[in-house]
A.B. asks: 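Below: one structure in structure tokens.
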2 protein chains.
Amino acid sequence: MADSAALDPVDLEILRLLQNDARTTYRDLAAMVGIAPSTCLDRVARLRRTGVILGHELRVDPGRLGRPLQALLLVQVRPHRKELIGPFVERIREIPESRALFHLTGPDDYLVQVAVADMADLQRLVLEEFTSRREVARVETRLIFQQWECGPLLPPGTAPG
Amino acid sequence: MADSAALDPVDLEILRLLQNDARTTYRDLAAMVGIAPSTCLDRVARLRRTGVILGHELRVDPGRLGRPLQALLLVQVRPHRKELIGPFVERIREIPESRALFHLTGPDDYLVQVAVADMADLQRLVLEEFTSRREVARVETRLIFQQWECGPLLPPGTAPG
DNA sequence: GCTGAAATACAGCGTAT
DNA sequence: ATACGCTGTATTTCAGC
């Protein structure tokens, strides 16, 4: 785990294409960036080894899994001490409704993205898993009307497209 | 494009395993859920066709791409009319720093997750892309200390693990 | 949903630049 | 040091049942 060499334009193009479709074969990828498939394999392996590529994720439609309603919960944890927030974070991550969890600056300590079946389910979740916890001082619930993906992540100064 | 049949326990197990590691081979996946590889391929293909599986995404480390600082921007758009929010959403999605965009209920209309190089970059982004826009009435910036992934998304009532 | 075979892709290695 | 082409192996895919 030593190499943290700068990414060259070929690496960046590979990352851009793989972020478009992570299942692109090395053969196709190689053709698109203009190198040999074996070289392409080497490049991607190196990107994985050096931690630029963290992994491959499956995107699933929450609605099709019976969770059509999503919300963000802004949570104040008081007192905000290590002994309390460790178990809090662990518990939130275990909840089946949780999709993402952030520790933030600002008036709210945590933001939790949840996917639920309906309003009753959301109410149950907030009451049973959040406001009933000693260390949770306040929960603010904001429903998600719609969400969008954004373009591929690239280094600053890289012309998109 | 007709089938929206209920997912059986085998489908759910496949989804759970693929959410753990989207690169699991059909051979391994089949062995783990107890069906033949070809059947497993059929199942996954059907899940893709019917829209349960939306796609395969590459997870990349923003820090390794020169964007170690992340923030959430809470944005009020005034007036909140269709003619204004369409272009706003399109522009935000085009910004290289944007990672995710939500349209919300509550006092803030949009939440934008961004990844930037440093504080100066974040300040520039807020001033040039947000507060300088006519329709943006207010932007509240909250830095992300840390973020966590949560468990796989499964239907309500499914025992996790 | 399974079996088995054909097509394809991957991963390692030797060589050349 | 990086890229390439070749080759054995593993995986994916497609018939037929």
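Not measured: the values here are computed from a predicted model. A note on names: the letters A, B, ... follow the listed sequences, proteins ahead of strands, and every chain is numbered from 1. Worth knowing before you read on, the calculation uses all heavy atoms, side chains too, and leaves out hydrogens, waters and symmetry mates.
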A.B. asks: Scan B/Arg43 against the nucleic acid and name what it touches under 4.0 Å (heavy atoms): base, sugar-phosphate only, or nothing.
C.D. replies: sugar-phosphate

A.B. asks: Could you give the CZ-to-C1' distance, from B/Arg48 to D/dT12, as a whole number of Å?
C.D. replies: 14 Å

A.B. asks: Whole angstroms only, please: what is the CD1-C1' distance between A/Ile35 and D/dT2?
C.D. replies: 11 Å

A.B. asks: Indicate the ring-plane relationship of A/Tyr110 and B/Trp148, choosing parallel, tilted or perpendicular according to the 30° and 60° boundaries.
C.D. replies: tilted

A.B. asks: Reading DNA chain D from 5' onward, which residue's closest nucleotide shows up sooner: B/Ser38 or A/Asp8?
C.D. replies: A/Asp8

A.B. asks: Rounding to an integer number of Å, can you tell me how far B/Leu29 CG sits from D/dT11 C1'?
C.D. replies: 13 Å

A.B. asks: How do A/Arg23 and B/Val10 order along DNA chain C: which one's closest nucleotide is nearer the 5' end?
C.D. replies: B/Val10

A.B. asks: Measure CG/B/Asp28 against C1'/D/dA10 and give the value in whole Å, please.
C.D. replies: 10 Å

A.B. asks: Between the side chains of B/Asp11 and B/Arg16, is the shortest nitrogen-to-carboxylate-oxygen separation below 4.0 Å, so that they form an ion pair?
C.D. replies: no

A.B. asks: Mind calculating the distance between CG (A/Leu41) and C1' (D/dT2) to the nearest angstrom?
C.D. replies: 14 Å

A.B. asks: Answer yes when A/Glu135 and A/Arg78 have at least one side-chain N-carboxylate O distance shorter than 4.0 Å, and no when they do not.
C.D. replies: no

A.B. asks: Going 5' to 3' on DNA chain C, which nucleotide is the first and which the last to come under 4.0 Å of a heavy atom in chain B?
C.D. replies: C/dG1 to C/dT3

A.B. asks: Going through the distances and angles, do A/Arg59 and A/Glu57 end up as a salt bridge (Lys or Arg N to Asp or Glu O under 4.0 Å)?
C.D. replies: CA-CA 6 Å; A/Arg59 287 199 313 119; A/Glu57 200 179 312; over 6 Å; no

A.B. asks: Write down the distance between OH (A/Tyr26) and C1' (D/dG5), rounded to a whole number of angstrom.
C.D. replies: 18 Å

A.B. asks: Nearest heavy-atom pair of A/Leu58 and B/Ile53: which atoms, and what distance?
C.D. replies: CD1-CG2, 3.7 Å

A.B. asks: Tell me whether A/Arg27 at atom CZ has more than 12 heavy atoms from other residues, nucleotides or ligands lying less than 6.0 Å away.
C.D. replies: no

A.B. asks: Do we see a donor-acceptor contact under 3.5 Å between the side chains of A/Gln113 and A/Gln70?
C.D. replies: yes

A.B. asks: In this structure, how many angstroms lie between the C1' atom of D/dT12 and the NE2 atom of B/His56, rounded?
C.D. replies: 13 Å

A.B. asks: Which nucleotide wins on minimum distance to the side chain of B/Thr25, given the candidates D/dT11, D/dT13, D/dA3?
C.D. replies: D/dT11

